[in-house]
Amino acid sequence: MTARTYSADDIAAAKAWPFEEARKLDARLKRMNHDGVVIFETGYGPSGPPHIGTFGEVARTTMVRRAFELMTGRKTRLISFSDDMDGMRKVPPHLPNQEMLARYLQKPLTTVPDPWGSHDSFAHHNNAKLRAFLDQFGFDYEFVSSTECYKSGLFDQTLVRVLERYDALMEIMLPSLGDERKETYSPILPISPTTGRVLYVPLLERDAKKGEILFEDEDGSKVKIAVGGGNTKLQWKVDWAGRWFALGVDYEMAGEDLTESVRLSNRIVKALGGEPPAGFNYQLFVDEEGKKISKTKGNGISIEQWLTYASPESLSLFMFQNPKAAKKLYFDVIPKTLDEYWRHVEEYPKQAGAKAIDNPAWHIHEGNPPEATTPVSFAMLLTLVNAVGGEPEVLKGFIRKYRPTASAEELRAADALTLYAARYYKDFVEPKKQYRQPTDEERAALATLAARLREIGDGAEEDAYHTATFDTGKAHGYEKNLRDWFAAIYEIVFGQTEGPRMGPFTKIYGAVATATLIEDALARR
RNA sequence: GGGCCCGUAGCUCAGCGGUAGAGCAUCUGACUUUUAAUCAGAGGGUCGAUGGUUCGAUCCCAUCCGGGCUCACCA
């Protein structure tokens with residue numbers, strides 16, 4: 001499939017938020033007479049593994065990036081920046097080798113040994129996780145390590161600039177600090193040459209010309225070092241601003257909890273002589289009751305949970321929707337969002353112009369939505385799973401029965417859903433199953449049915465199986481109340497009060513397999 | 001309390017100056033030698049409240065109400 005083309009008028013008329021963001025970015029670049037490659041950035045803190053928020057930020061930033069590219073045709077890059085020179089402030093719980101890690105408190109995360117022993121450092125381990133995580137979704141990005149930026153000298157000029165503009169920066173930062181911090185605050189944090197820890201100490205002397213600072217080391221000695229080459233790092237807010245300045249970041253969004261940080265960092269980057277990136281503050285997720293999601297409470301849901309029951313595309317849709325509203329992230333939204341995703345995909349080919357590029361599917365698929373949609377909804381599969389169980393092959397059989405005219409592509413889309421439906425079955429339906437013990441009459445009737453099905457064998461018509469089921473019931477005293485016969489089958493064989501129509505089910509599941517299913521149920525104690 | 005963001009049908013969301021929309025849920029009907037599913041249709045909103053701008057406001061402005069985040073340290 002080839003990407004469609006859109007006219008300038010279409011794009012100007014597009015109202016989806018990524019286009020609004022792209023317009024903001026474009027205005028900023030015009031104001032600056034910036035005509036180079038446009039840099040998008042997302043941040044990552046490697047003191048923990050990547051999570052659903054990490055996904056959201058990269059997905060949303062990519063949506064703005066693609067909208068911007070369509071709008072301007074300009075070259076762009078997406079930097080995934082890992083703040084891995086940050087000192088380890090506390091030992092994250094639930095990690096192995098706690099006592100070993102405790103000895104590395106305050107040291108840059110890239111110098112903390114990997115508690116799992118597989119990478120150069122704790123940060124390297126998590127950085128690798130981040131990359132594997134982003135790669136799994138096919139994001140286009142460039143990984144950048146803070147430590148490498150400092151060590152390679154890439155940030156040297158920025159550090160010197162911080163020294164040059166020291167007074168202006170302090171004027172911005174000091175009012176935002178508590179009394180105690182005011183006394184010791186420094187935008188530049190030296191790494192102790194003796195202990196390797198990140199030091200939160202005041203600068204005793206600074207020489208912008210030489211690019212040097214004097215500070216008191218942990219052992220009490222006065223030490224003079226060059227700011228560059230990885231000897232020092234910038235402290236938050238200034239660090240963020242310095243990063244924008246040094247890397248030329250044009251666009252970065254952030255969670256609303258960082259609203260104040262963005263404000264300050266914007267002022268700082270200006271003081272450094274740069275221009276704040278465009279961007280906005282997206283809202284954090286809340287749980288079903290609208291409460292803040294916290295790891296300790298364990299409310300909300302994780303990315304692993306989402307991807308267990310629904311596709312990454314559906315999660316992208318969730319991220320696309322309303323980034324400025326506090327979205328409720330709880331289990332029920334998963335199937336709903338998955339079905340909404342497919343509805344949008346279905347709509348796309350019917351739409352044109354601005355309407356098409358406002359379609360979430362365009363943004364989720366970076367301009368290339370798939371052509372085929374699923375012929376059955378996920379909601380329907382979840383219902384079906386209640387009736388016929390969670391075997392993907394059986395589900396696929398039912399899909400083909402329900403949608404005999406579906407194309408191969410459509411079936412492929414639907415088949416992918418059976419995997420999620422099967423997991424849903426295993427986790428939510430199967431545990432609730434209650435198999436009833438048969439009465440003697442029921443036992444006899446079911447045994448007869450199993451024998452009949454075996455006799456007919458696979459490959460007969462649905463009706464043959466259905467008739468056999470009816471006849472067996474009638475022959476065992478159910479001619480007046482066939483409903484009870486079916487209820488007995490479902491309760492004893494399927495472990496639930498409702499089940500599939502027996503004819504079609506037997507056809508799809510296989511007559512011999514169905515007979516075995518019945519016999520197994522009779523053997524159950 | 002200050003700042004920022006959000007508030008459209010039961011739920012999830014779209015619409016953002018010109019007589020309120022979708023999906024799900026609900027209800028009704030059709031259909032299948034059980035149920036579910038499927039199909040057709042219906043009901044459901046003073047667009048958080050109040051003022052203002054306008055010929056006209058869900059959409060712009062102001063105020064208020066409700067919710068979230070933030071305003072020590074750390075990121």
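Below, read A as the first sequence line, B as the second, and so on, with proteins coming before strands; counting in each chain starts at 1.
- Close to U12(B), at under 4.0 Å from its OP1 or OP2, lies no side-chain N or O of Gln321(A).
- Among the protein residues, Tyr478(A) comes within range of no part of the nucleic acid, since none of its heavy atoms lies under 4.0 Å from any strand.
- Under the Watson-Crick and G-U wobble criteria, each requiring two contacts below 3.5 Å, nucleotide U58(B) is left unpaired.
- Residues of residues 174-187 of chain A that place a heavy atom closer than 4.0 Å to RNA chain B, in numerical order, are Ser176(A), Leu177(A), Gly178(A), Arg181(A).
- Base pairing of G66(B): its partner is C6(B), meeting the Watson-Crick or G-U wobble criterion (both donor-acceptor distances under 3.5 Å).
- Taking atom C1' on both nucleotides, U26(B) is separated from C11(B) by 12 Å, rounded to a whole Å.
- Listed by chain and number, the residues in a salt bridge (Lys or Arg N to Asp or Glu O under 4.0 Å) with Glu216(A) are Lys222(A) (sequence neighbours excluded).
- Cation-pi geometry between Arg243(A) and Phe155(A) is not satisfied (NZ or CZ under 6.0 Å from the ring centre, within 45° of the ring normal).
- Across the protein-nucleic acid pair, His344(A) atom NE2 and A14(B) atom P stand 9 Å apart, rounded to whole Å.
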message = I'd like to compare against my own output: the B/S/- annotation of nucleotides 1-6 of chain B with a strict under-4.0 Å heavy-atom distance to protein.
response = ----BS
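- The pairing partner recorded for G17(B) is none, the criterion being a Watson-Crick or G-U wobble arrangement whose two distances lie under 3.5 angstrom.
- Checking A75(B), C11(B), C69(B) against every side-chain atom of Tyr330(A), the shortest atom distance belongs to C11(B).
- Relative ring orientation between Trp240(A) and Trp244(A) is described as tilted, the plane-to-plane angle lying within the 30° to 60° band.
- Using a 4.0 Å heavy-atom distance criterion, Thr337(A) is classed as making no nucleic acid contact.
- Residue pairs meeting the salt bridge (Lys or Arg N to Asp or Glu O under 4.0 Å) criterion with at least one member in residues 308-328 of chain A, sequence neighbours excluded, do not occur.
- Applying the salt bridge (Lys or Arg N to Asp or Glu O under 4.0 Å) rule to Glu256(A) yields no partners; only residues at least two apart in sequence or on another chain are considered.
- The salt bridge (Lys or Arg N to Asp or Glu O under 4.0 Å) pairs that include a residue from residues 333-354 of chain A are Glu347(A)-Lys350(A), where partners are two or more places apart or lie in different chains.
- Here Lys90(A) lies out of heavy-atom contact (under 4.0 Å) with every strand.
- Sorted by first then second residue, the salt bridge (Lys or Arg N to Asp or Glu O under 4.0 Å) pairs that include residues 383-394 of chain A, not counting sequence neighbours, are Glu393(A)-Lys396(A).
- If you find the closest nucleotide of RNA chain B to Lys233(A) and to Phe320(A), the one lying nearer the 5' end belongs to Phe320(A).
- Between the C1' atoms of A49(B) and C6(B), the separation comes to 16 Å (whole Å).
- With sequence neighbours left out, the side-chain hydrogen bond (donor to acceptor under 3.5 Å, both in side chains) criterion links Trp17(A) to no other residue.
- Judged as a salt bridge (Lys or Arg N to Asp or Glu O under 4.0 Å), and not counting sequence neighbours, the contacts of Glu20(A) are Arg23(A).
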Nucleotide N/O to protein N/O under 3.5 Å, stretch nucleotides 22-24 of chain B:
| unit_1 | atom_1 | unit_2 | atom_2 | d |
| --- | --- | --- | --- | --- |
| G23(B) | O2' | Arg343(A) | NE | 3.4 |
| G23(B) | O2' | Arg343(A) | NH1 | 2.8 |
| G23(B) | O2' | Arg343(A) | NH2 | 2.5 |

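- Scanning for side-chain hydrogen bond (donor to acceptor under 3.5 Å, both in side chains) contacts around Ser121(A) gives His124(A), with sequence neighbours left out.
- The nucleotide U26(B) finds its pairing partner in A42(B), both defining distances of the Watson-Crick or G-U wobble pair being shorter than 3.5 Å.
- With Tyr150(A) as the partner, the side chain to side chain donor-acceptor pair (under 3.5 Å) test is satisfied by one option alone out of Thr158(A), Asp239(A), Thr110(A): Asp239(A).
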task = Any chance you could lay out the side chain to side chain donor-acceptor pair (under 3.5 Å) test for Asp84(A) and Tyr44(A), step after step, and finish with the verdict?
result = CA-CA 8 Å; Asp84(A) 58 12; Tyr44(A) 170 64; over 6 Å; no
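- Candidate nucleotides C74(B), C69(B), C13(B) were compared by shortest atom distance to the side chain of Gln235(A), and C74(B) ranks first.
- A distance of about 9 Å separates the P atoms of U46(B) and A9(B), rounded to the whole Å.
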Nucleotide N/O of nucleotides 31-34 of chain B paired with protein N/O under 3.5 Å:
| unit_1 | atom_1 | unit_2 | atom_2 | d |
| --- | --- | --- | --- | --- |
| U32(B) | O2' | Arg501(A) | NH1 | 3.2 |
| U32(B) | O2' | Arg501(A) | NH2 | 3.0 |
| U33(B) | O4 | Thr467(A) | OG1 | 2.6 |
| U34(B) | OP2 | Arg501(A) | NH1 | 2.8 |
| U34(B) | O2' | Arg483(A) | NH1 | 3.4 |
| U34(B) | N3 | Tyr490(A) | OH | 2.7 |
| U34(B) | O4 | Tyr490(A) | OH | 3.1 |
| U34(B) | O4 | Pro500(A) | O | 3.1 |
| U34(B) | O4 | Arg501(A) | N | 3.0 |
| U34(B) | O4 | Met502(A) | N | 3.3 |

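- Atom name C1', nucleotides C61(B) and G21(B): the rounded distance is 27 Å, in whole Å.
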